[in-house]
Amino acid sequence: MSGDKKTGRERAEEWWQTSIIEMRPGVIRLRGYEIRDLIGRVSFPAMIWLMLRGELPSEEQAALLGIALGAAVDHGPQAPSIAIARMAATCGVGINNAMASAINVLGDVHGGAGEQALSFYGDIAAAIDGGISLVEAVKTRLDRFFAEEKGYVPGLGHRFHPVDPRAPRLVELTREFAARGVVGGRFADIAGAIEAEVAARKGKMIPLNIDGATAVIYGELGFPPALTRGLFVLSRSVGILAHAWEQSQESDRNKGPLPREWLWAYTGKPVRPFPNDTE
Ligand SMILES: CC(C)(COP(=O)(O)OP(=O)(O)OC[C@H]1O[C@@H](n2cnc3c(N)ncnc32)[C@H](O)[C@@H]1OP(=O)(O)O)[C@@H](O)C(=O)NCCC(=O)NCCS
C-alpha cells in the first residue's frame, strides 16, 4: 500500500515502533508484563533492568545492579555536576531545571569513565576469547594504550582519594556474587590484572576508582559500555536531586562558584584608555 493510502492508525504505528511498552486506555504493559503484576514485585533496579534488557533479572542480578547504582550517587559539591545543581537551585529555577543543568555536564571527562573502562575491559575479554592469557591480554592492551592513546588508563586513579573507598568494597561484593555463580567474575579479574600491570609499569599503585569498579559490575551483568554512562547518570541523579532540594530549602540567591570575596585571576590587557579619548 502506498504512503497516502495508509490509514491514520497505520501511519502512527509506522511512526513510532517500540518493543518496550504497550499503552492504550486502561492498559500499560512493560516488555509484555501487565504493570499491575510488576508493581510491588519488581524493585527499582529490577525495573531498570527490565526496561533496558527486555527480560526480568533474577533477584541476585537486580541486587548487584542496585549495589552499583547506590555506590555512585554523590561525591559532594566539589564535583561540577553537584555544584551546578546547587548553583542552579539558587537561581530560583525548578528542581527539574537544576537536575537537567547538572546532568548536562556528565560526559567523557566527568562521570563518563565507566564507559571507557568497560570498553577497555571488553577489548581484553575479546583477546582472551581469542586464546591468549589474561596477563598477556592486559599487557598487549596496555602496550597499545601507552603507545597510541596515552594519558590515563580509564577506571584507575582518583583526584582526592589515595584509594577510592567505594571501589574495593564493590569488587569484594562482585567476587561474592561470582562465588555464588550469579556472575562469572571475569571483569573483576581483568580490572585486577590491569591495576597490577599499571602498578608494575608506573612503580606505584594507581587503584581502581568508582567508574572502574562499577564498570566491572555492569560488565559482569552484561551491560554494553554505552549503557554504563546512562546508568551512571541515573545513579548520580539521586545525589543531584538531593543537593538541588537541600539548596532550594536555603535562602541563598544567585550563588556563584566562589565566595564573593574571592575573585578570579584576570589575564587580559591592562587597563587602557578608550580609543580617541583625550584623558
Ligand atoms: C582521576 C584522575 C584525573 C586523577 O588524576 P590525579 O590523581 O590528579 O593524577 P595526576 O595527574 O596527579 O597523576 C599522578 C600520577 O599518577 C599517574 N596516574 C594517575 N591516574 C592514572 C591512570 N588512570 N592511568 C595511568 N596513570 C595514572 C599519572 O600518570 C601520574 O604519574 P607520574 O607521577 O608518573 O607523572 C586520573 O586518575 C584519571 O584521569 N583517571 C582515568 C579516568 C577516570 O577513571 N576517571 C574517573 C575518576 S573517579
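Start at 1 and go down the list; that is how both ligands and their atoms are numbered. Side-chain atoms are counted along with the backbone in the values below, which use heavy atoms only and exclude waters and symmetry mates.
Checked by distance only, ligand 1 and L156 come closer than 3.5 Å through their nitrogen or oxygen atoms. Between I206 and ligand 1, no pair of N/O atoms sits closer than 3.5 Å. Of the N or O atoms in Y152, one or more lie within a sub-3.5 Å distance of an N or O in ligand 1.
Considering only non-hydrogen protein atoms, atom 33 (O) of ligand 1 sits nearest to K204 NZ, 3.0 Å. Atom 3 (C) of ligand 1 has its closest protein heavy atom at R159 NH2, 3.3 Å. The protein atom (non-hydrogen) at minimum distance from atom 35 (O) of ligand 1 is K202 NZ, 4.6 Å.
Using modelled atom types and a 3.5 Å distance limit, the side chains of R166 and T214 yield no donor-acceptor pair.
Close contacts of ligand 1 with V153, meaning ligand atoms under 4.0 Å from a residue heavy atom, involve 22 (C), 23 (N), 24 (N), 25 (C), 41 (C).
Note that R186 lies outside the cation-pi zone of Y121, set by a 6.0 Å cut-off to the ring centre and a 45° limit from the axis.
Proximity of G212 to ligand 1 is not established, as no heavy-atom distance is less than 4.0 Å. Look at Q116 and you'll find every heavy atom at least 4.0 Å from all atoms of ligand 1.
Residue K6 comes nearest to E10 through the heavy atom pair CA-OE1, 3.4 Å, listed as atom of the first residue, atom of the second, then distance.
At a heavy-atom distance under 4.0 Å, only side-chain atoms of D211, from C-beta outward, approach ligand 1.
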